[in-house]
Amino acid sequence: MTRILQIVNAIEGYDPEALHVDKARAAIRACLVPVAESVRLPVREALGRVLAQVIVPAIDVPGHDNSAMDGYALRHADLGADQTVLEEIGAALAGRKFAGSLGTGQCVRVTTGAVMPAGADTVVVQEVVKLRDGKVTVPAGQKRGQNVRYAGEDLKTGEPVLRPGQLLRPSELGLIASLGLGEVQVRRRVRVAFFSTGDELASIGTALREGEVFDSNRYTLHGMLMRLGVEIQDLGVVRDDPAQLEAAFRKAAADADVIVTTGGVSVGEADYVKPMMAQLGEALFWRIAMRPGRPMAFGRIGNAFLFGLPGNPVAVMVTFYQFVREALLQLSGRTGDCALPLLKVPAAEPMRKLAGRTEYQRGLMFRDGGEWKVRTTGQQGAGVLRSMSEANCFIVLEHERGRVEAGEPVQVQPFEGLG
Ligand code: AMP
Ligand code: MG
């Protein structure tokens, strides 16, 4: 196995002591190897999974030329420069075909989705025609082929429509179902084992002693991992004790593709977390030029990739979303760019920022009249989890940028999507 250090050292501008967030992302991306195994699932259960096969239609969708509107199917050649009177000879309903065929001067009533009657090439919507005694008067100005959906217009027999690496969203489930397929081959889920470290951590259900805090990071991690659709293994709180840490790391590495830990990776940390990571596998200890979330470990223990996230409650979320999220999506076998979108919104207020690091401030986007703006949410300390809870986006202030004045555009990453 190629050593991680060898791979990351080849990245231009890689500096573990002051790592630009883009370089950290590139370093991680260069090391990851997606999971290969796949499973066959009923279409509904494949929601949120990554396709492991190519989908090639065996049928056209739609299967026949059909009407896009309720109206009258006719032969365009019959229409004159002025209005035209046609004879109505029958009806074609969705799912019920018109058996005959149109002759000169004839039309057939059609509903949306009805197979186009033989001989007809155009549909006129019912709202514009006049009906009298079985005669249909069509106004001038109709275009040939209007309001007709053609066979294979959506999906064509033999033309691949979905490829391996495609995330299966509701639209893909529908698309697969429209081909009559009941099952699909998808990658297996990425398995993530995680635990918290620190002697000051108390599990919920125990009494807090002086100097202790409840272990909240395992709950935020649980939430973030669940939303990404990975398989999780929660290994609890692990004391800062070599034997316990070793046991936890070994257990995690035995089953998981990824190990996520929180705490114990700070620069001044004198405990056992970092030495244990280095002893059991290969671990790089980074100082990332970002705020919050400066310290982070990345490496591998056995076959599992390791993310040693900082302990501060906001820092663990920021580093997860900025590095681990994309890594998990890449490992899941997804192709294409999985980065969160960055949108530009004017700042509603000045923002303090130091050049030389990327800052992830917690923001609240809001509508001011017709325009979206963003402001920060309260105290921005790395330990103030409330700043995340009150936020609906990250305000991503670029590495080089200094102080932001009110009205200047800033980049935001909204927390919520369609899902
Ligand atoms: P560390 O990264 O271990 O230096 O921790 C930084 C800060 O985050 C300290 O104030 C810790 O008490 C706090 N912290 C560490 N782990 C957790 C956790 N699992 N839940 C809540 N706070 C934590
Ligand atoms: Mg600590």
Mind running salt bridge (charged side-chain N to carboxylate O under 4.0 Å, His left out) on Arg144 and Asp121 for me, showing each step along the way?
-> CA-CA 7 Å; Arg144 181 187 300 279; Asp121 60 7; 3.1 Å; yes

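- Applying the 6.0 Å contact sphere to CD of Glu127 captures more than 12 heavy atoms from other residues, nucleotides or ligands.
- A cation-pi arrangement is present between Lys274 and Phe285 under the rule of less than 6.0 angstrom and at most 45 degrees off the ring axis.
- Side-chain contact check for Arg300 versus Leu306: every heavy-atom pair is 4.5 Å or farther apart.
- What you find for Val110 and Ala73 is that their closest heavy atoms are CG1-CB, 3.8 Å.
- For the pair Arg362 and Glu390, the salt-bridge criterion is not met [side-chain N within less than 4.0 Å of a carboxylate O].
- A donor-acceptor pair is defined here as one N or O able to donate and one able to accept, closer than 3.5 Å; no such pair exists between the side chain of Thr206 and the backbone of Ala202.
- Between Pro34 and Arg187, the closest heavy-atom pair is CB-NH1, 4.0 Å.
- Val258 is listed as a side-chain neighbour of Leu331, based on a closest heavy-atom distance under 4.5 Å.
- Here the straight-line distance linking atom CD1 of Ile28 with atom CZ of Phe307 works out to 4.5 Å at 0.5 Å rounding.
- Here OG1 of Thr261 is found 11.0 Å from CG of Leu235. Values are rounded to the nearest 0.5 Å.
- Under 3.5 Å, the side chains of Arg25 and Gln322 contain a donor-acceptor pair of N or O atoms.
- With respect to Asp60 and Lys156, no salt bridge is recorded, no charged nitrogen being found less than 4.0 Å from a carboxylate O.
- In this structure, the side chain of Glu153 engages the main chain of Tyr150 through a donor-acceptor pair within 3.5 Å.
- In this structure a side-chain-to-backbone donor-acceptor pair under 3.5 Å is missing from Thr262 to Phe195.
- To the nearest 0.5 Å, the span separating CZ on Arg29 from SG on Cys31 amounts to 11.5 Å.
- Partners of Ser38 by side chain to side chain donor-acceptor pair (under 3.5 Å), not counting sequence neighbours, listed by chain and number: Gln185.
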Which is it for Gln6 and Ile4 under the side-chain contact (heavy atoms from CB on, under 4.5 Å) test, yes or no, and what are the steps along the way?
-> CA-CA 5 Å; Gln6 203 178 323; Ile4 283 187; over 6 Å; no

Run the numbers on Glu88 and Cys107 for side-chain contact (heavy atoms from CB on, under 4.5 Å), then give the verdict.
-> CA-CA 5 Å; Glu88 182 181 341; Cys107 68; 4.3 Å; yes

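- Relative orientation of the Tyr14 and Trp286 rings is perpendicular, given thresholds of 30° and 60° on the angle between their planes.
- Judged purely by atom type and a 3.5 angstrom limit, Gln146 uses its side chain to pair as donor or acceptor with the backbone of Val123.
- Looking at Gln361, its side chain does come within 3.5 Å of a backbone N or O of Arg352 through a donor-acceptor pair.
- Distance alone, capped at 3.5 Å, is enough to place a donor-acceptor pair between the Asp240 side chain and the Tyr272 backbone.
- Exactly one of Leu225, Val190, Leu221 qualifies for a side chain to side chain contact (heavy atoms under 4.5 Å, CB included) with Ile232. That residue is Leu225.
- Between His399 and His20, the angle of the ring planes stays under 30°, which puts this pair in the parallel group of the 30/60° scheme.
- Inter-residue side-chain proximity for Asn66 and Thr112 is flagged as unmet; no heavy-atom pair is nearer than 4.5 Å.
- Using a 30° and 60° split on the angle between ring planes, Phe305 and Phe298 fall in the parallel class, below 30°.
- A donor-acceptor contact shorter than 3.5 Å links the side chain of Asn217 to the backbone of Gly311.
- A salt bridge does not link Arg191 to Asp255: none of the charged nitrogens lies less than 4.0 Å from a carboxylate oxygen.
- For Phe415 and Phe394, the ring centers sit closer than 6.0 Å to each other.
- The existence of a salt bridge linking Glu326 and Arg334 is excluded, since no basic side-chain nitrogen approaches an acidic carboxylate oxygen closer than 4.0 Å.
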For Arg44 and Glu183, run salt bridge (charged side-chain N to carboxylate O under 4.0 Å, His left out): C-alpha distance rounded to whole Å, both residues' side-chain angles, the deciding distance at 0.1 Å, then the answer.
-> CA-CA 9 Å; Arg44 283 192 193 91; Glu183 291 184 337; over 6 Å; no

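- Taking 4.0 Å as the cut-off between side-chain N and carboxylate O, Arg3 and Glu282 count as a salt-bridged pair.
- There is no side-chain donor-acceptor pair under 3.5 Å between Asp70 and Thr111.
- When each of Arg188, Glu231, Arg189 is tested with Asp257 by the rule side chain to side chain contact (heavy atoms under 4.5 Å, CB included), just one qualifies, namely Arg188.
- Contact annotation: the side chain of Asp215 never approaches that of Ile204 to less than 4.5 Å [non-hydrogen atoms, C-beta and beyond].
- Using a 4.5 Å heavy-atom threshold, the side chains of Val39 and Arg49 count as touching.
- Looking at Lys23, its side chain does come within 3.5 Å of a backbone N or O of Glu12 through a donor-acceptor pair.
- In terms of modelled atom types and a separation under 3.5 Å, the side chain of Thr377 and the main chain of Ser387 share a donor-acceptor contact.
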Show your reasoning for whether side-chain contact (heavy atoms from CB on, under 4.5 Å) applies to Leu354 and Arg291.
-> CA-CA 10 Å; Leu354 288 182; Arg291 185 185 162 102; over 6 Å; no

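- Across all their heavy atoms, Met277 and Ala297 have their closest contact at SD-CB, 3.9 Å.
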Under the side-chain contact (heavy atoms from CB on, under 4.5 Å) criterion, do Gln53 and Ile55 qualify, and how do the steps go?
-> CA-CA 6 Å; Gln53 66 170 102; Ile55 302 278; 3.6 Å; yes

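- With a 4.5 Å cut-off on side-chain heavy atoms, Met317 and Met388 count as touching.
- Salt-bridge formation is not detected for the pair Glu349/Arg375: no Lys NZ or Arg NE/NH1/NH2 atom is positioned less than 4.0 Å from an Asp or Glu carboxylate oxygen.
- Distance check, rounded to the nearest 0.5 Å: CD1 of Ile176 to CG of Leu181 gives 7.0 Å.
- Side-chain contact check for Leu167 versus Glu172: every heavy-atom pair is 4.5 Å or farther apart.
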Trace of the salt bridge (charged side-chain N to carboxylate O under 4.0 Å, His left out) decision for Glu371 with Arg367 = CA-CA 6 Å; Glu371 192 184 23; Arg367 268 240 285 267; over 6 Å; no

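- The two residues Ala193 and Ala252 have their closest heavy-atom pair at CB-CB, 3.6 Å.
- Side-chain atoms of Thr197 come within 3.5 Å of backbone atoms of Gly263 as a donor-acceptor pair (strictly under, hydrogens ignored).
- Residue Pro57 comes nearest to Glu159 through the heavy atom pair CD-O, 3.1 Å, listed as atom of the first residue, atom of the second, then distance.
- Rounding to the nearest 0.5 angstrom, the gap separating the CG atom in Asp271 from the CG atom in Leu245 is 8.0 Å.
- Using a 4.5 Å heavy-atom threshold, the side chains of Gln233 and Phe194 count as separate.
- If you take CD on Gln142 and OH on Tyr72, they are separated by 13.5 Å, rounding to the nearest 0.5 Å.
- The minimum heavy-atom distance linking Ala382 with Asn312 is given by the pair O-CB, 3.4 Å.
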